[in-house]
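Worksheet: one structure, shown below.
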Amino acid sequence: MAGKPFYLTTTLPYVNAEPHIGFALEIVHADIIARYKRLMGDEVFFNTGTDEHGQKIYQAAQKEGKAVEAYVDHYAQTFEILKQGLDLSYDAFIRTTNPAHVVAAQELWKRCAAAGDIYKKKYKGLYCVGDEAFLRESDLVDGKCPNHPNMAIQEIEEENYFFKLSNYQDKLLQYLSNPEVILPAWRREEAVAFVKQGLEDFSISREKSRMSWGVPVPGDETQVMYVWFDALTNYISTLGWPEDTEGKFKKFWQEGEVVQVAGKDQIRFQSIIWQAMLMSGGVKTTDKVVYHGFITSGGQKMSKSLGNVIEPLGLVKEYGTDAVRYFLARHVPTFEDSDVTLERFKTAYNADLANGLGNLASRIMQLAQTHLDKGARPEVSGFPKEYTEPLEKFEIYKAAEYVWQCIAELDVKITETAPFKLVKSDPEAGKKLIFELTQELYLIGRMLNPFMPATNEAIKKAVIENKKPENLFPRKD
RNA sequence: CGCGGGGUGGAGCAGUAGUAGCUCGUCAGGCUCAUAACCUGAAGGUCGCGGGUGCAAUUCCCGCCCCCGCAACCA
């Protein structure tokens with residue numbers, strides 16, 4: 001039943017802020033897929049990490065009066081807390097300041113250069129001295145830097161390295177002609193349309209004198225890599241590329257199935273630029289990139305000024321890890337944008353977890369504990385296709401919906417068969433029925449494994465030990 | 001004519017060429033094993049608007065209106 005080795009990675013969040021629910025969504029969805037694959041018997045390598053270079057991080061560190069190294073260490077730790085809070089099962093946490101990663105980024109650079117895809121060119125940009133950074137035209141407010149409106153924007157020219165993305169137009173179109181390469185399908189159309197428009201070469205370095213916090217460009221003391229060139233390399237550096245002393249790169253990247261998860265704004269980076277970099281460096285391209293939607297809150301983007309920011313660890317603290325994982329799985333469809341509010345979260349929690357799953361476990365296990373002598377684990381074979389098929393297509397919410405359909409059906413069954421009556425009139429038949437119910441509960445718990453690992457364990461334990469569990473999801477009023 | 005997504009009962013969403021479903025909320029019953037939980041039933045929608053093709057369209061085609069992202073060196 002087991003398939004090829006499975007490689008899965010999220011994008012790396014930039015460490016200039018606390019983790020927000022958007023990233024929680026990405027990593028929880030990825031975690032669910034990773035756990036599902038393991039459940040199916042596949043060997044999985046699940047990667048995440050932090051993107052720690054770049055101007056913004058350098059500035060944020062200065063603002064907090066910290067050394068950059070100390071600053072990025074602090075944030076790397078925040079993400080460690082997220083691992084516990086969301087019960088994440090990643091196998092590797094790559095930090096782009098990791099020396100081995102730096103070496104890998106430089107190696108990929110060298111290979112792209114050797115392929116003739118890197119050249120020097122003058123770059124002209126709008127530079128704000130206050131920010132010590134280049135800005136985009138669209139960043140400007142009335143032609144001024146929004147952070148430093150009293151400083152004049154300078155048009156500065158510097159010499160940078162460029163990557164010949166334009167060389168890869170045809171190869172990228174060929175790559176994108178494979179319908180497997182992007183999920184959902186309509187995002188692939190978007191990528192194709194973008195490539196067909198014509199591709200421009202990208203600047204991939206900055207003058208060190210202006211931007212020092214980055215990976216040194218091989219063979220040029222005066223330049224550092226522009227963050228994304230370095231950051232994208234993490235997907236292979238985490239596997240030990242290029243040395244690959246442990247053979248993980250070979251096993252998971254070259255011979256395995258390679259899947260990336262990313263936000264819908266990442267198409268250009270993940271499915272176009274990164275793929276071109278891989279082609280240039282002579283490395284296998286990504287098999288599939290899955291693009292998820294964004295979370296809004298109250299119909300708007302989350303922002304501190306609007307006060308509608310939902311902080312994942314805060315939700316975990318109040319409702320518990322599995323409740324948050326559940327909500328992200330079932331009520332945030334994989335590919336679409338979703339609106340998340342505390343009210344909606346609470347409604348879903350009470351309806352589906354407290355009244356649904358939690359109550360079902362209570363009523364069945366109360367009967368079992370009272371009337372059965374001992375519990376047992378059921379004979380299990382596979383999983384229903386209503387469950388596996390959507391998960392294979394990353395339609396996590398559909399699989400979750402199926403599980404909740406089973407929960408509802410079991411509630412109906414209890415009402416209709418009335419084991420609490422039967423056990424009085426015909427104890428043997430009643431016991432048999434109650435036992436059956438515990439077995440069905442067990443199977444529901446088993447399907448919950450990727451979504452809610454701790455709940456799966458709790459239900460398994462309850463059935464086997466024939467003991468009513470502690471209130472799994474207390475009602476919140 | 002920039003690209004894409006979406007407009008379905010009070011709210012949030014599924015869905016399909018042929019009696020329009022789910023969750024929450026509302027109303028009325030039932031049950032008592034359970035976390036004032038669970039089950040049954042009811043009210044409530046001309047499936048954004050206007051055309052077209054079909055025996056038949058919410059579902060296919062065309063036009064329009066509205067909302068939301070994106071529009072490249074921002075990870």
Side-chain angles (χ1 to χ4, degrees), chain A residues 11-16 50-57 96 123 125 133-136 138-139 160 162-163 165 184 186-187 189-194 196-206 226-232 234 262-270 272-273 293-294 296 299-301 330-331 333 335-341 343-344 346-348 350-371 397-398 401 404-405 408 410-416 418-423 430 434 437 468 470-477:
Chain A
T11 53
L12 301 193
Y14 213 53
V15 291
N16 58 355
T50 42
D51 182 0
E52 304 185 352
H53 287 125
Q55 184 71 18
K56 284 191 178 165
I57 287 167
T96 59
Y123 170 80
F134 286 94
L135 302 176
R136 290 183 296 166
S138 57
D139 288 333
N160 296 145
F162 275 69
F163 178 76
L165 188 63
W186 76 78
R187 297 255 177 246
E189 315 279 327
E190 229 174 294
V192 169
F194 181 77
K196 280 186 174 163
Q197 268 174 40
L199 298 171
E200 285 175 26
D201 296 347
F202 270 72
S203 150
I204 54 173
S205 75
R206 283 290 127 96
Y226 204 46
V227 262
W228 55 262
F229 190 96
D230 133 46
L232 288 168
N234 91 83
K264 66 177 188 181
D265 60 337
Q266 287 286 312
I267 295 177
R268 281 165 207 170
F269 285 98
Q270 309 302 333
I272 295 174
I273 295 172
F294 287 163
T296 56
Q300 290 171 298
K301 267 189 176 175
R330 168 99 189 272
H331 293 285
F335 307 120
E336 311 284 339
D337 290 352
S338 297
D339 199 63
V340 176
T341 62
E343 289 88 328
R344 249 166 239 159
K346 195 166 136 183
T347 301
N350 280 328
D352 306 334
L353 296 179
N355 299 349
L357 178 60
N359 182 58
L360 179 70
S362 287
R363 61 196 304 211
I364 290 176
M365 290 318 300
Q366 176 65 253
L367 287 166
Q369 184 177 282
T370 310
H371 300 289
Y397 65 102
K398 277 192 187 167
E401 225 163 79
W404 259 261
Q405 193 187 312
L410 205 45
D411 265 328
V412 172
K413 178 171 174 177
I414 295 174
T415 303
E416 286 178 351
F420 40 88
K421 275 184 190 166
L422 187 61
V423 80
I434 291 166
L437 294 173
K468 181 179 174 180
E470 287 303 301
N471 202 336
L472 293 173
F473 302 100
R475 235 191 115 79
K476 301 272 183 186
D477 291 308

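Residue numbers begin at 1 in each chain, while the letters A, B, ... track the order of the sequences.
- Proximity of A:Asn160 to A:Arg206: side-chain heavy atoms (C-beta onward) are separated by under 4.5 Å at one or more points.
- Annotation: B:C67 and B:U53 have their P atoms spaced 32 Å apart (nearest Å).
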Assign a letter to each nucleotide of nucleotides 28-35 of chain B from its 5' end: B, base within under 4.0 Å of a protein heavy atom; S, sugar-phosphate only; -, no contact.
----SBBB

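- Going from the P atom of B:G9 to that of B:G50 covers 16 Å, rounded to whole Å.
- Checking B:G5, B:A75, B:C24 against the side-chain heavy atoms of A:Lys56 singles out B:A75 as nearest.
- Atom CG in A:Asp230 sits 5.0 Å away from atom OG1 in A:Thr96 (nearest 0.5 Å).
- Residue A:Gly198 is classed as a base contact, given a heavy-atom separation below 4.0 Å to a base.
- The gap from the P atom of B:C39 to that of B:A20 amounts to 25 Å, rounded to the nearest Å.
- Closest contact between the side chain of A:Arg268 and the listed nucleotides B:A72, B:G69, B:A75 involves B:A72.
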For A:His331 and A:Asp352, what are the C-alpha separation, side-chain angles and deciding distance, and is it a side chain to side chain contact (heavy atoms under 4.5 Å, CB included)?
CA-CA 11 Å; A:His331 293 285; A:Asp352 306 334; 2.9 Å; yes

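- Comparing the P positions of B:C64 and B:G69 gives a spacing of 23 Å, expressed to the nearest Å.
- Contact annotation for A:Phe194: base contact, defined as any heavy-atom pair under 4.0 Å involving a base atom.
- Across the interface with RNA chain B, nearest-nucleotide mapping of A:Gly356 and A:Glu190 shows A:Glu190 to be the residue nearer the 5′ end.
- Stretches of at least 3 consecutive Watson-Crick or G-U wobble pairs, with each checked distance under 3.5 Å, appear in RNA chain B as B:2-7 with B:65-70, B:10-13 with B:21-24, B:26-30 with B:38-42, B:48-52 with B:60-64.
- Of all nucleotides listed (B:G5, B:A75, B:G15), B:A75 comes nearest to the side chain of A:Asp51.
- Rounded to whole Å, the separation between the P atoms of B:A28 and B:C66 comes to 43 Å.
- Side-chain contact between A:Phe420 and A:Ile414 is present, with at least one heavy-atom pair separated by less than 4.5 Å.
- As judged by a 4.0 angstrom heavy-atom cut-off over every strand, A:Phe202 is placed among the base-contacting residues.
- Residue contacts for A:Gln197: at a heavy-atom cut-off of 4.0 Å it reaches no nucleic acid atom on any strand shown.
- For the P atoms, the distance from B:A17 to B:U23 is 23 Å, rounded to whole Å.
- Inter-residue side-chain proximity for A:Ile204 and A:Trp228 is flagged as met; some heavy-atom pair is nearer than 4.5 Å.
- Distance check on atom C1': B:U59 versus B:A43 gives 27 Å, rounded to whole Å.
- Across A:Pro419 and A:Leu437, no two heavy atoms sit closer than the pair CG-CD1, 3.8 Å.
- Side-chain atoms of A:Arg344 and A:Thr347, non-hydrogen and from C-beta on, never get closer than 4.5 Å to each other.
- Counting any heavy atom pair closer than 4.0 Å across all strands shown, A:Ile273 reaches no nucleic acid atom.
- Using a 4.0 Å cut-off between charged nitrogen and carboxylate oxygen, A:Lys346 and A:Glu343 do not count as a salt-bridge pair.
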